[in-house]
Amino acid sequence: MDDYAMKPVAKGYQWLTPDFVDQGISNFFNNIRDIRVTINDVLQWKLKQGGMDFSRFLINTTAGVAGFIDVATMLDLPKHDEDFDQTLGYWGVPTGPYLVLPFFGPSSIRGAAGLAGDAAMNPLTYSFVLGSAAATWGSFGAYTVDVIDRRADALGFEKIVSEAAVDRYEFFRDSYLQRRRYLVNDGNIEEDEEFDLEFDLEEDFLDEEFDEGANEAFEAP
């Protein structure tokens, strides 16, 4: 599906879309995801952070023209990354076995439950299910653009992985599990508890471009 549909479409989207439009589209969907982030902040008792993320949503929705301009970042309001998988982990729910979901990619038993929870926090879900026919098709179109936009953002990272990783499956599995553990613990992992991850990458590939691509590739849809 990815080789014959998603990747060609993503490449066409990247070629046709000017950089500022691409960034605006990414900002728009990131602004919608800030609703999910804020709710998960509260569920994890991160009230100060929740207030900051809710402020981001209000500022970008109004001054940022429905989120197309990330005004909040210009005002030094940092963007956080919280989802329902992290909330479950915060309250002690174990990760469970590694699981590759069709269309969604790397996940886990807890991650699959997290996707369902995140869908329940997305306003597009309700307009798709409960809205009129026009709202349903509009939500479907918006979701499709979001998926294509994120797939296009991951193209550069995928190229690096394909050229450098000895075992592609093992690389994605270990990267996903390490990143989720890092996010659940907010980066506070004891040195003797750190996940032993071997990327099997050439040293030349371990650069800033790789780090930025990894954030896109392992972000929950």
Side-chain angles (χ1 to χ4, degrees), residues 1-14 26 29-30 33 36-37 40 44 79-119 143 146-221:
M1 181 67 178
D2 185 65
D3 287 341
Y4 294 103
M6 287 301 302
K7 191 185 298 183
V9 171
K11 288 181 177 179
Y13 168 87
Q14 193 176 62
S26 297
F29 288 108
N30 284 334
R33 278 188 282 274
R36 176 200 77 192
V37 173
N40 282 292
Q44 296 176 45
K79 182 171 180 59
H80 300 103
D81 184 5
E82 302 289 349
D83 53 44
F84 195 60
D85 179 30
Q86 293 178 58
T87 297
L88 292 175
Y90 176 86
W91 291 107
V93 178
T95 303
Y98 178 68
L99 182 67
V100 179
L101 299 175
F103 303 107
F104 291 96
S107 187
S108 63
I109 298 298
R110 190 186 69 200
L115 288 176
D118 290 336
Y143 180 77
D146 183 25
V147 171
I148 294 172
D149 179 66
R150 283 191 282 166
R151 183 64 185 89
D153 291 340
L155 287 172
F157 169 74
E158 182 197 19
K159 182 179 180 181
I160 294 173
V161 173
S162 297
E163 293 178 354
V166 174
D167 188 320
R168 181 184 173 93
Y169 174 85
E170 183 180 1
F171 174 85
F172 276 100
R173 179 196 65 197
D174 294 349
S175 299
Y176 172 82
L177 293 175
Q178 185 191 39
R179 175 169 167 77
R180 297 314 298 176
R181 184 176 181 182
Y182 180 88
L183 291 174
V184 167
N185 292 279
D186 293 327
N188 300 317
I189 301 177
E190 296 295 332
E191 186 174 350
D192 59 349
E193 294 180 351
E194 288 188 3
F195 195 91
D196 184 17
L197 176 63
E198 295 183 0
F199 283 145
D200 292 323
L201 294 175
E202 296 292 340
E203 185 175 350
D204 292 343
F205 290 104
L206 298 179
D207 54 16
E208 184 176 345
E209 180 182 358
F210 172 84
D211 293 334
E212 292 177 354
N215 289 333
E216 294 290 344
F218 299 116
E219 186 178 84

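As a basis for the values below, the full set of heavy atoms in this structure was taken, side chains included, without hydrogen atoms, waters or symmetry mates. Throughout, numbering of the chain's residues begins at 1 and tracks the sequence.
- Qualifying side-chain hydrogen bond (donor to acceptor under 3.5 Å, both in side chains) partners for Tyr13, counting only residues two or more places apart in sequence or in other chains: Asp22, Asp149.
- Here Leu101 pairs with Leu99, Phe104, Ser107, Ala112, Leu115 under the side chain to side chain contact (heavy atoms under 4.5 Å, CB included) rule; sequence neighbours left out.
- The line from CD1 of Ile148 to OH of Tyr143 is 11.0 Å long, rounded to the nearest 0.5 Å.
- Distance check: Arg180 CZ to Asn185 CG gives 11.5 Å after rounding to the nearest 0.5 Å.
- For the salt bridge (Lys or Arg N to Asp or Glu O under 4.0 Å) test, no residue two or more places apart in sequence or in another chain qualifies with Lys11.
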Q) Stepwise, does the side-chain contact (heavy atoms from CB on, under 4.5 Å) test hold for Arg33 with Phe29? A) CA-CA 6 Å; Arg33 278 188 282 274; Phe29 288 108; 3.7 Å; yes
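- Of the inter-residue distances, the one linking Leu155 atom CG with Met6 atom CE reads 9.5 Å to the nearest 0.5 angstrom.
- By the side chain to side chain contact (heavy atoms under 4.5 Å, CB included) test, Tyr169 pairs with Tyr98, Val100, Asp167, Arg173, sequence neighbours left out.
- The CD atom of Gln14 sits 12.5 Å away from atom NZ of Lys7, with the distance rounded to the nearest 0.5 Å.
- The shortest heavy-atom contact between Asp153 and Ser26 is OD2-OG, 3.6 Å.
- Each of Arg179, Arg36, Arg110 was checked for a salt bridge (charged side-chain N to carboxylate O under 4.0 Å, His left out) with Asp85, and the lone residue meeting it is Arg110.
- Listed by chain and number, the residues in a salt bridge (Lys or Arg N to Asp or Glu O under 4.0 Å) with Arg151 are Asp2, Glu158 (sequence neighbours excluded).
- For Glu82, the side-chain hydrogen bond (donor to acceptor under 3.5 Å, both in side chains) partners are Gln44, Lys46, Gln49, not counting sequence neighbours.
- Using a 4.5 Å heavy-atom threshold, the side chains of Arg181 and Thr95 count as separate.
- Between Gln86 and Asn40, every side-chain heavy-atom pair lies at or beyond the 4.5 Å cut-off.
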